[in-house]
Q: 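Handing you this structure, nothing more for now.
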Amino acid sequence: MSHAKIKSLEVLLIHPSRYDNSGFVEMYLDGVIPCGTLRLLSELTQQAFRRKPFASLTTRVSMYEDAICRQHKQFCNRVERKRRPGEKLIVCLVAVQTNQMPRAQNLADYAKKHGAHVFIGGSHITASINTLFKGIGVTDPARAREDIPCPHRMPPEIKKMIDDPKITVVHGEVDHENWWYKILRDYLTGEIKPYYECGSPTELQAMQTAYPRDYLDDFVAAVVSIDDSRGCPYRCKFCASINSHGRKVRCRNVEDIVSWIKRQCISYGKEITVLFASDNIARNKNWRELFEQLRQLKRRGYRFTLWAEADVTCNTGDKQKGFIEAFAKAGGKGLFFGIESMNPANLLDAGKRQNNIDNLKKLFAQCHQYGISVEGGYVIGFPHDSVESIKRDVDALIQAGADTVSFFVLTVLPGSEDHVRAVFTGMQLSPDLNDYDTMHPVFKHPNMSGQEWITAFNQAVKRFYRPENLVRIISRFTTPENRLRIAQKIIWYRWSYFTENSHPMVAGLYRVRSLKNLRPGTTISLPKFILSEIYRHCRYLGKGLTEFRIIQRAYTQAEFEIQCRTNPQLRKQKKPIELTPSGIATWLKRTFTGPMDNIWLNQHWEKYVSKKWGLLNPCESLHPKTWMHATTEVVYALRFGTRFFRDCVFGTEKSN
C-alpha cells in the first residue's frame, strides 16, 4: 500500500513475557522493572512521526508489558480494534530475550491474524545472529580466533521470521543514524525489507523522555531504568550480552543522564529508584563526573536512589579509586556483582579471570561501610559443581557478606561462546527456547542428573535465605531506612523463588492466569483449572502468612541484636517469665513497650514442646505461661506489621 492510500498509522510496542511450566503466560497484576527499550522506541517513534512523510497522517504509539495483566488487555483491545480502509497497524516485539521467543512468535501470529505488520528485535536476535551467522570475530575483532567457530547459518527460529512477508527482523541498535525512522518510512512507502542490520552507535546519543506517571502505577515500586553505557570489556564464555552490546564500552553523555533523572523526579513527584541497566557501570569512563553531578542534584532536593551493576574489581586499581564512596554519595544504595562461582576452577573455565574471590569480603565490607547493599549473581551448574560442593560454596558466599543473591541455573544461552561451541560439538540442548530462562537445565551436567541439578539449585536458594542468615543480613545495616530496604528486598526474593518459582527480576506481584493465554498445544480442562486456581489462592494465603512470620522474626531479632551492641545488658535481662506480680509486670513491659526479641519466647516454646505427653496434664505449670507467650507473639506481629507497612508507605524518616 502506498503512502497516498494510508491515512493513519498506529504502532504498538510490546515487551513479551514467557510461559510457565504449566503453559500459562507469566502475567501479574503489577510488574517489577519497566523495560527501558519500550520507552526508548516510544520516543524514537514519536520523533519519526513529527517528520515527513508521517506529519500528514493520524498517528499513535503505545507501549505495553505483556507480563502485566492490565497492559496485556489494553494491547489486545488495540490489536482487535476494527480499522477502516487506510488505517494500518504495526506491532513491535521489543527487547526479546531467548526465553521470550516462543511467546513472541505467538504474539506475532496473533498480530498478523488481525492485519498487523510485525517488527521484532532484541538481545536474542542480535546476539544469535552475531555468533551463529556472522561470527564473534566480526563484531569483536579482538576475539577473532580460530578456536571460536561459527557455523555461518541463520538461527532457524529467526530465519523462519525473515521468510515471513508480514514480519521484519531488526538486528542491532536502532537508536542511531535515524535507523528507526528509516525502517518506519520504508513501511509507509511500501519498501519494507524482511531484515535490517543496524549495527551499533559509537557513542550513545538518543535520550528518552520521562515515564508517564500513571505508567509506573502498574509496577510494584517506582523504578526507572536507563543504560548509562553499553558493552563490557570482559570475555565470559557464558555471557550473551557481550555479543549483543559488544566489548567496547560506549557511554552516554553525563549531562543527558542527569537531565533525564531530573525529569523523572519531577514527573513522578516523589522518591524514585534509578536502575542503571548497563552491563558494568564501573567501566563507564565518565563515572566520576556522573556521580559528582548526581550528588549535586541530590543536594538540590531531588529524591532518588541508585542501583547498578559493577565487576568485583571496582574497588581495586588507581582508575577505580573511590568508586564505592562516590557511588554512595551520589545516592547509591545497591550494587550487583557477577560473582558467578566461589570455585576458582569454575571461574577459570568460564573465562571469568577478573574475579578474585579473596577480594570479595573486603569489597562487600566497603559497600556496607557506606550503607550499600550487596547483591551477587551466582550460577549453579558449572562443570566443577556437585551437590556437596554447591553447599560449601553457598556457605562461603554467606561468610563473604552478600546481602541478597540472584541464583541462576547455568544456561547455554544462544549468543554466547559456550552456545557456539555446544552447537559445533553436537551437545544435546533443549529445543524449547522457553526453557532458557536460567531456571531450567538445558543440557546434561557431568556431575549431576537433571533432577539433582534442580534440587541443588533449590537447596542453594533455601540455604542462603534461611532465617538465621536473614538476621545476620538485616543486622548489618545500622539505619532504619537501610534495614527497611534490605528487608523489602529479601521479602521479594523469597516470594519470587519460593512462591512464584520465578526469578525476582522478572516476577511480579500476584500471578494472574487465564485459559485464553495458554501456550498453543497445552490443554487443561475447565474443572481442573478451577481447582488449581482455588489451590493456588489458598497457597498464596498460607505462603503469605509464613513469609510474614519469617521476616517478622528475622527483622525484630536483627533490631534486638543491634540494640545489644550498645547495651549488652539487654541480653542478660531476658530471663524466663514467672507467674508472679513482678513476672507479669516484666511480661507486660517486654510485650508492649520493650524491644521485640525472640530469645525468651523461643526458650519457652523449646521447653514447652520438650514436655511432649506431659502436656496432657491439666496441672502442667507451662500452660498459663503459654497463653502469655502466645499473646506476646500476636502483639509482636501487630507491632511489627503496623510499623513495617507504615514505613513502606510513608518512609522511615516520617514514621520515626
Side-chain angles (χ1 to χ4, degrees), residues 93 95-102 104-105 108 118-174 176-177 179 182-183 186 192-202 230-248 250 279 349-351 410-436 442-444:
L93 301 167
V96 181
Q97 298 179 8
T98 298
N99 68 92
Q100 298 165 344
M101 278 297 292
Q105 291 168 333
V118 176
F119 293 150
I120 181 170
S123 59
H124 176 80
I125 302 290
T126 301
S128 295
I129 291 177
N130 283 348
T131 56
L132 295 177
F133 181 67
K134 297 165 68 67
I136 289 178
V138 174
T139 55
D140 185 3
R143 303 179 77 198
R145 308 191 311 263
E146 292 183 359
D147 63 326
I148 303 181
C150 178
H152 297 293
R153 65 172 182 264
M154 189 66 69
E157 72 280 0
I158 299 177
K159 186 178 186 306
K160 179 181 178 182
M161 290 186 161
I162 293 176
D163 293 340
D164 190 324
K166 293 187 177 181
I167 298 180
T168 296
V169 174
V170 181
H171 167 277
E173 303 169 32
V174 299
H176 69 115
E177 298 182 10
W179 267 112
K182 295 174 184 176
I183 294 172
D186 285 354
I192 193 68
K193 301 173 185 176
Y195 174 66
Y196 286 84
E197 193 171 292
C198 304
S200 302
T202 304
R230 294 177 194 159
C232 179
Y234 297 113
R235 303 181 179 184
C236 306
K237 296 177 182 177
F238 59 85
C239 179
S241 179
I242 56 176
N243 296 319
S244 175
H245 292 152
R247 288 184 54 242
K248 180 183 178 182
R250 299 164 287 130
D279 299 309
D349 283 352
L410 180 63
T411 306
V412 183
L413 286 171
S416 67
E417 180 180 335
D418 279 347
H419 183 263
V420 173
R421 295 186 183 280
V423 170
F424 257 78
T425 58
M427 179 186 291
Q428 186 175 355
L429 300 174
S430 171
D432 187 358
L433 295 181
N434 194 73
D435 289 342
Y436 289 70
V442 297
F443 65 94
K444 185 178 180 180

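Numbers here simply count residues along the sequence, with the first being 1. All values reported here derive from a predicted model rather than from experimental measurement.
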Q: How long is the span from the CD1 atom in Ile167 to the CG atom in Leu93, to the nearest 0.5 Å?
A: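 Those atoms lie 8.0 Å apart.
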Q: Could you list the residues that satisfy side-chain contact (heavy atoms from CB on, under 4.5 Å) with Tyr195, not counting sequence neighbours?
A: Ile129, Ile162, Val169, His171, Glu197
Q: Does Ile136 offer a backbone N or O that forms a donor-acceptor pair with the side chain of Asn130 under 3.5 Å?
A: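 No; judged by distance alone, with no hydrogens or angles, the pair does not exist.
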Q: Using ring-ring contact (aromatic ring centres under 6.0 Å, His included) as the criterion, list what pairs up with Phe443, not counting sequence neighbours.
A: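 Applying ring-ring contact (aromatic ring centres under 6.0 Å, His included) to Phe443 gives Trp453.
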Q: Looking only at non-hydrogen atoms, find the nearest pair between Asp435 and Val442 and report the distance.
A: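 Looking at all heavy atoms of both residues, the closest pair is O-CG1, 3.8 Å.
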Q: Decide side chain to side chain contact (heavy atoms under 4.5 Å, CB included) for Met427 and Lys444; before the verdict, give the C-alpha distance in whole Å, the side-chain angles of both, and the deciding distance to 0.1 Å.
A: CA-CA 9 Å; Met427 179 186 291; Lys444 185 178 180 180; over 6 Å; no
Q: Quick one, Gln105 and Met161 - any side-chain contact, counting heavy atoms below 4.5 Å?
A: yes
Q: With heavy-atom distances below 4.5 Å as the criterion, would you say the side chains of Glu417 and Thr131 are in contact?
A: no
Q: State, yes or no, whether a side-chain contact exists between Ser416 and Lys237 at a heavy-atom distance under 4.5 Å.
A: no
Q: Where is the tightest heavy-atom contact between Met101 and Ile120, given as atom of each residue plus distance?
A: SD-CD1, 4.2 Å
Q: Does a side-chain heavy-atom distance below 4.5 Å link Ile242 with Tyr234?
A: no
Q: Which heavy-atom pair separates Ile183 from Tyr196 by the least distance, and what is that distance?
A: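 So the minimum-distance heavy-atom pair works out to CG1-CD2, 3.8 Å.
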Q: Got Asp432 and Pro102 here, is their nearest side-chain heavy-atom distance under 4.5 Å?
A: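 Asp432 vs Pro102: side chains touch.
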Q: Please check if the side chain of Thr126 supplies one atom and the backbone of Gly172 the other of a donor-acceptor pair under 3.5 Å.
A: yes
Q: For Ser244 versus Ser123, what's the shortest heavy-atom pair and its separation?
A: OG-CA, 3.9 Å
Q: Measure from the side-chain N and O atoms of Lys134 to the backbone N and O of Ser128, and report whether any donor-acceptor pair falls under 3.5 Å.
A: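 Such a contact is absent between Lys134 side chain and Ser128 backbone.
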Q: Would you say Asp279 and Ser241 are linked by a side-chain donor-acceptor pair, where the criterion is simply a distance under 3.5 Å?
A: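 Yes - a donor-acceptor pair under 3.5 Å links their side chains.
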Q: Does the side chain of Val412 come within less than 4.5 Å of Leu429's, by heavy atoms?
A: yes
Q: Looking only at heavy atoms, what is the nearest atom pair of Glu173 and Ser200, with distance?
A: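 In terms of heavy atoms, the two residues are closest at OE2-OG, 3.3 Å.
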Q: Taking only residues two or more places apart in sequence or in another chain, which ones pass ring-ring contact (aromatic ring centres under 6.0 Å, His included) with Phe119?
A: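 Applying ring-ring contact (aromatic ring centres under 6.0 Å, His included) to Phe119 gives His117, Trp180.
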Q: Going by heavy atoms in the side chains, are Lys159 and Arg153 under 4.5 Å from each other?
A: no
Q: Would you find more than 12 non-hydrogen atoms of other residues, nucleotides or ligands less than 6.0 Å from Lys160 atom NZ?
A: no
Q: Could you walk me through whether Ile125 and Val170 pass the side chain to side chain contact (heavy atoms under 4.5 Å, CB included) check?
A: CA-CA 8 Å; Ile125 302 290; Val170 181; over 6 Å; no
Q: Please report the shortest heavy-atom distance between Gly415 and Asn243, naming the atom on each side.
A: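 The answer is O-ND2, 2.7 Å.
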Q: Going by heavy atoms in the side chains, are Leu413 and Phe238 under 4.5 Å from each other?
A: no
Q: Apply side chain to side chain donor-acceptor pair (under 3.5 Å) to residues Glu157 and His124 and explain how you reach the verdict.
A: CA-CA 11 Å; Glu157 72 280 0; His124 176 80; 2.7 Å; yes
Q: Nearest 0.5 Å, what's the CD-SG distance between Glu177 and Cys198?
A: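 SG of Cys198 is found 9.0 Å from CD of Glu177.
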Q: Measure the spacing between NE2 of His245 and SG of Cys239 and express it to the nearest 0.5 Å.
A: 10.0 Å
